[in-house]
> 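The structure follows.
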Amino acid sequence: MTDDALPEAAQRRLASGAFSSGLTIPDFSACLAMGLRPVGLVQGFCVMKWSWYGAGSPYLQASTPYSSGGGGYAESYRCPHGFVSGDHRSWGQNYEQTWVEAAWAQGFGSAYARLVDEAVATGAHGVIGVVDTARHLSDLAVTEFHILGTAVVVEEGSPPPDGRPWTTYLAGQRLAKLIEAGFMPVALAAAMSSVRVWAYCMTDYLMEGRNFTWGGAGAQEVDQVVRAHMAVRQLARAQVRGQLGGDALHGARLTTSHRELGEGDEVVECTLRGTRVRRFKDFDPVEPPMPTVRLS
Amino acid sequence: MSQPDDLPKDAERRLEQLEHGLFTSDLSVNEFLLVKEVGFHPLGFVMGSSIYHTGIQMRKWGQSQELAKLTEAMYNARELAMTRMEEEATELGADGVVGVRLDVNYYEWGNDAAEFIAMGTAVKAEDGNSYRNKLGKPFTSDLSGQDFWTIMQTGYVPRGLVMGTCVYHIAHRGLGQALGSAGQNVELPNFTQALYEARELAMTRMQDEANELDANGIVGVRLEEKSHQWGSHTIEFLALGTAVSKVAGDVTLPRPITIISLDN
């Protein structure tokens, strides 16, 4: 399946008479009030085989500590105790899983490109109310990316100069307020970063509450894990910043998750998404808000 | 109860009571007020049900395909439930049904049988105009009272709850395919194509229903995916939304007022 060929079923649907829209009624109403005419529900998919053991993964290396995995961020930690036993975690590492990030970018990017292709096929100027999901299908190694939005035409407006519709997560009054504030949506901006934490002895003991065994006492920061969480957020922000090209990011949503893969082995992931916006006019002053109290 | 136009005796008795002025409704107080404000009066809570036995269809392990027999079953069952609900509304002289919910329940006592239920509140226009759709039936819609009020302000009216379904078997990956992509991040075009095709079929069927009602568009489209009791590789894709038609000319919508809530 190539990015530039819409499935036959999609072409048939988009050629049909009635428009469809995934907008809620308030968003639909606000869309009409702004002079946006919905022309169709558009979507894009991509199912990716997700390899934790891909090129650059430490599993294909000789289990050498102090390497950076597939390039990018890496930090190493050495045991302060000297040799204790064969089971003792004498080294640890945080490293960026660039091959996982690349797979996410490819899956999201392909689904997004197909959504835009569908929007182009409807003659849309933009796509509003975009919702994206990534879910695991049969097992953890197969992930489906699904991006859905409502294609719109700007009444009395002209198509985008490059023929590619603008896209935004916003819809309804949130979009109206953005435009009133003098900004126009340009495109979605999204990235995922992934950092693997291979715990060394101190991290392992602290995480299991056994730090007193080795002379530790009281509350203590788990430095290796803290640094992994900070790094994963910074990496996602850096990737998104690279997509902005001087524009601003509006409605940023940053989510992090961590998953334990084994004892002292976990993955921290961060996804950052938002709408890339550009100023096109001065701010329209908004009327002072009216204070309200609900009677229910 | 073999034909959808045969309502049970108890339903007829209940509807007779409603015809004498008492109304029932599952609208909240706010919804009730907004439905009244827009010029409609609730007539009664209406529902339709169908217990349907879904047949068996052979699936090919390594081939993605639509399971037409199961698609037909899921479609027919919902249509039966919807038709019976519409008949209850027609019996009350309603112009439409708002807040329609369409549920599927499985019971332990019925293997491969499921109950499809449609329910909502029948409403009638107070200005005496008919809001029935092109087929002469009361319109149906899953809009809440608030959404119903809002859509009427835009110059659109609901024409019918439209849906499209597609039960699709997603092929399993063979050993060769699995080994071929081992250790790589790659797109699985067969999976992508199958899921794409299934969702598009469901959405096309939903749009076909809207076209039959001469609707201009469908709002609030939802895409639901369920495996029911068929296993993870067989999925029902259901597209559902409210078909609407524009009946008024250019409408100037009121400008929203910005507010600050003083509630906790």
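If you're wondering where the values come from, they're calculated on a predicted model, not measured in any experiment. Excluded from the calculations below are hydrogen atoms, water molecules and symmetry mates; all remaining heavy atoms, backbone and side chain alike, are included. To find a chain, count down the sequence lines: A is the first, B the second, and so on, and within it residues start at 1.
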> Between B:T192 (side chain only) and A:V47 (backbone N and O only), is there a donor and an acceptor less than 3.5 Å apart?
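Checking the backbone N and O of A:V47 against the side chain of B:T192, a donor-acceptor pair under 3.5 Å is found.
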> Out of curiosity, A:S29 OG to B:Q153 CD, how far, rounded to the nearest 0.5 Å?
8.0 Å
> Would you mind checking which part of B:Y156 comes under 4.5 Å of any heavy atom in chain A, side chain (CB onward), backbone (N, CA, C, O), both or neither?
side chain
> Going by an N to O cut-off under 4.0 Å, is there a salt bridge joining A:E180 and B:R255?
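Yes, charged N to carboxylate O under 4.0 Å.
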> Could you state the interatomic distance from CG (A:L148) to CE (B:M203), rounded to the nearest 0.5 Å?
6.5 Å
> Locate the shortest heavy-atom distance separating B:Y196 from A:Q43; write the atom from each residue and the value.
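Heavy-atom minimum between the residues: OH-O, 3.1 Å.
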> Give a yes or no on whether A:D282 atom CG has more than 12 heavy-atom contacts from other residues, nucleotides or ligands under 6.0 Å away.
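No, CG of A:D282 has 12 or fewer neighbouring heavy atoms, counting only those of other groups under 6.0 Å.
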> Let me confirm one number: the CD-NE2 distance from B:E225 to A:H146, rounded to the nearest 0.5 Å.
7.0 Å
> How close do B:V221 and A:S20 get, heavy atom to heavy atom, and via which atoms?
CG2-CB, 4.1 Å
> Of all heavy-atom pairs between B:E187 and A:Q106, which one has the smallest distance, and what is that distance?
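Result for this residue pair: N-NE2, 4.3 Å.
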> Calculate, to the nearest 0.5 Å, the distance between atoms OG1 and CD1 belonging to A:T292 and B:I260 respectively.
9.0 Å
> Measure distances from A:R135 to the heavy atoms of chain B and classify the residue's part below 4.5 Å as side chain, backbone, both or neither.
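For A:R135, the side chain is the part near chain B, not the backbone.
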> Using heavy-atom distances under 4.5 Å, tell me whether A:P288 contacts chain B through its side chain, its backbone, both, or neither.
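A:P288 touches chain B through backbone heavy atoms alone.
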> If you measure from CE on A:M34 to CG on B:L253, what distance do you get to the nearest 0.5 Å?
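Rounded to the nearest 0.5 Å, the CE-CG separation comes out at 11.0 Å.
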> Could you tell me whether B:E200 and A:R114 make a salt bridge, using a distance below 4.0 angstrom between a side-chain N and a carboxylate O?
no
> Given a strict heavy-atom distance threshold of 4.5 Å, which part of B:I257 is in contact with chain A: side chain, backbone, both, or neither?
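Contact with chain A: side chain only.
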> At their closest point, which heavy atom of B:I259 faces which heavy atom of A:P289, and how far apart are they?
C-CB, 3.9 Å
> Where do B:Q146 and A:I25 land on the side chain to side chain contact (heavy atoms under 4.5 Å, CB included) test, with the steps shown first?
CA-CA 9 Å; B:Q146 288 86 343; A:I25 301 299; over 6 Å; no
> Considering residues, nucleotides and ligands other than B:K69, do more than 12 of their heavy atoms fall under 6.0 Å from its NZ?
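At most 12 heavy atoms, drawn from other residues, nucleotides or ligands, come within 6.0 Å of this atom.
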> Would you indicate whether the side-chain heavy atoms of B:D147 and A:P26 approach each other to under 4.5 Å?
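Touching, per the 4.5 Å side-chain cut-off.
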